[in-house]
Each structure stands twice: as structure tokens, then as C-alpha cells.
Amino acid sequence: MRKTKPSLPAQAADIAMQMALRQISFGAATVPSSASALPPVAPNGDTLVLRRREWLLEVMEQQRALSPYASGLLTAENLSGDDFLHSFYAPGRPVLIRGAMTGWPAIERWTPDYLAERVGDAVVEYQGGRAGVGDYELAKDRHKRRGAFRDFIALVRDGGNDAYITAYNSAANQSAFAPLADDLGQIDAYLTGAPGMLWIGGEGAFTPLHFDLTNNLLAQVTGTKRVILIPPSQTGRLAHRRHVFSDVHDVTDPARIAAHPQARDVLRYEVMLTPGDLLFIPIGWWHQVRSESFSTMLTYTSFLWPNAGHENYPAG
Ligand SMILES: O=C(O)CCC(=O)C(=O)O
């Protein structure tokens, strides 16, 4: 069930139509105040309850697919905060946004040489020893490494998945990356201004299939990344057994699909992120990301609207 993107004019009309529809006032819905009000999970072994939930999610997805106003991955230019909230953030619908990072000096400047020069020999934390290991994201702590930033750049300059600075390293790297702050702009229409989390890696850096426990905005600065997005309705096909990860790991890998044939026909969208692109990934949407070149990116979770889904996640 692959989807093709509507053409640009169709996308613009789509957003306009959605906004028009939303001007019609409906009575306010009653919203549960917190997920803690949910009943307890199905007793162990009660798979019928879970299968019925999966059935409902898939049927609803098929129904949304009847209309481009209700489904699909849109591209928007210069999207206002209100349009983002009403058409994407509140409905939990992904969107690729262009034009919001225009003028950021980082987009021109952040080459491996510039970064190595600016950050120099400051010690940074990164994820290392990943090559040939299957669970490097699940076992994040085991893969933490420290070293001079200049040496890290030498490790990733020629590509590979062995070393990667990820959001998980961001708290440890704040002072090392302070000299880069002036190269960044603000995304005031959607975000509070809190700093983003930096990702730096070489061609081939790969983040396996998972979902986040918050809404997330990816801001691509340097290079290209191929992102595959899969709606939450497809969870039953994705062997979701460990934390936020899928045992399928990579839906583009034929060997993985052979091992998990239920994932073969999963509904998925593909985006190639290029410098200056923002990608909104709503909470619960599965995604996997591969760097197609040396890449730098920031991720933001500090939206102007509530983003605390993680507080009630049944981590198990
Ligand atoms: O860019 C990447 O490698 C992964 C980004 C991601 O998965 C995330 O921010 O949740």
C-alpha cells in the first residue's frame, strides 16, 4: 500500500480546504484529562483484545485513505503556526515544511572542515562501536564514547554507521557545541526557542525503525537523509516487542522482510530531507532514518503546545 504524494498545488488546496472545514464550529469534545484514566491493560494472554484494537486501527487507516484531505504526507511552504497546529500538530499528521530555515548561516557553513575548525579539540560524547551490532539503539549506554571532536569528524568524514552524534548525546555536548549557536536561527512559529538536539554523522549512519514518545521536529542543516514514516495504525505488522523499537529494524532490507513477512505490505511514506527542510513526526509514528551523505540535523521537541505523551507511556 504505497502512497504517492499529491502535487504541490493539490497540497496547497488540501491545506486550504482543511482550514476552511475547521472554521465550521463544532461542539467541544470531551477529552480525557490524562492517560492515567485508561483502564488496565488486557490480562496476559488476552490477545483477542489486542487484535480487535489492531483491526480498528487498520480499518480507520483504510477509511482515511479514501481522501487526500484526511491522509497522505503533504509538503507545505511557509506554513503559519495556526495552520501547523490545526492541520498537522493537533491531528497528529506528519508534514514536510520548506522555507522555515531560510537565512540560517549553518546551512552554508556546516561542512566537516568548518565544524572541526570551530569546535576543535573540545571533548564530545558520541555513539560508537555500532557497526555489525544489531541493538545499538536499544543498548544506547553501552555505545557511549568520548573523544576530541576533531577526531570524531575524522571518523565520520568517509561515511559508515560506526560513529554518530545523536540526540541522546546532546546534554553532554552543550558546552562543546556552544561556538555553533550563532549559526542557527529560530523557528518561532512552532517552537518555544529552547535549543535543539544535534545529530552529526557520515553517509550510511542509520537509525532503525522506532517511534518517539513526543512529537518531534527534524531540521535538516547539511546533507541529505532518507526518512521512512509509517503510521501508528500499522503497529500490528511491525513486531513491536522492545521499548519503542520494531524487530523489523529496517523495512527496506529484504532479509528482514523475509523474517517478518507481515511487514511487507506496510503502509509507508518516504521523504528525502535536504538542507533547510523541516519534517514534523507526530508522536507514535514509526520512522527509520538513513544518512545519504555527511549530515547535520537538529531535532526539537519544545513545541508551543502540550507535548507530554511520554509521561504516561507504559514502558513495561
Ligand atoms: O536522524 C536520525 O538518524 C534519527 C532521528 C530520529 O529518529 C529521531 O529524532 O527520533
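If you read the sequence from its start, that first residue is 1, and numbering goes on from there. Computed from a predicted model, the values in this text were never measured in an experiment. Both counts, for ligands and for their atoms, begin at 1 and track the order of listing. Side chains are part of it too, since the values below use all heavy atoms of this structure and drop only hydrogens, waters and symmetry mates.
- Near Lys225, the atoms of ligand 1 lying under 4.0 angstrom from a non-hydrogen atom of the residue are 1 (O), 2 (C), 3 (O).
- Residue contact check: Tyr164 has heavy atoms under 4.0 Å from atoms 1 (O), 2 (C), 3 (O) of ligand 1.
- The aromatic rings of His210 and Phe245 lie tilted to each other, with the angle between the two planes from 30° to 60°.
- Between Tyr89 and Trp305, the angle of the ring planes lies from 30° to 60°, which puts this pair in the tilted group.
- Using a 4.5 Å cut-off on side-chain heavy atoms (C-beta onward), Trp285 and Tyr269 make contact.
- With atom 6 (C) of ligand 1 as the reference point, the heavy atom nearest to it among Met197, Met297, Gln288, His287 is part of His287.
- Interface atoms of ligand 1 facing Thr299, defined by a heavy-atom separation under 4.0 Å, are 9 (O).
- Counting heavy atoms under 4.0 Å from ligand 1, residue Thr166 does not touch it at all.
- Near Asp212, the atoms of ligand 1 lying under 4.0 angstrom from a non-hydrogen atom of the residue are 8 (C), 10 (O).
- Side-chain contact between Lys225 and Arg290 is absent, with no heavy-atom pair separated by less than 4.5 Å.
- Not close to ligand 1: Arg290, with no non-hydrogen atom less than 4.0 angstrom away.
- Residue Asn216 has at least one heavy-atom neighbour below 4.0 Å for each of these atoms of ligand 1: 8 (C), 9 (O), 10 (O).
- Aromatic rings of Trp286 and Phe211 (six-membered ring for Trp) have centroids within the 6.0 Å cut-off, being under it.
- Ring planes of Tyr136 and His249: perpendicular class, angle over 60° (limits at 30 and 60°).
- Aromatic rings from Tyr190 and Phe88 are positioned such that their centres are separated by 6.0 Å or more.
- Summary of contacts: the protein heavy atom closest to atom 7 (O) of ligand 1 is His210 CE1, 2.9 Å.
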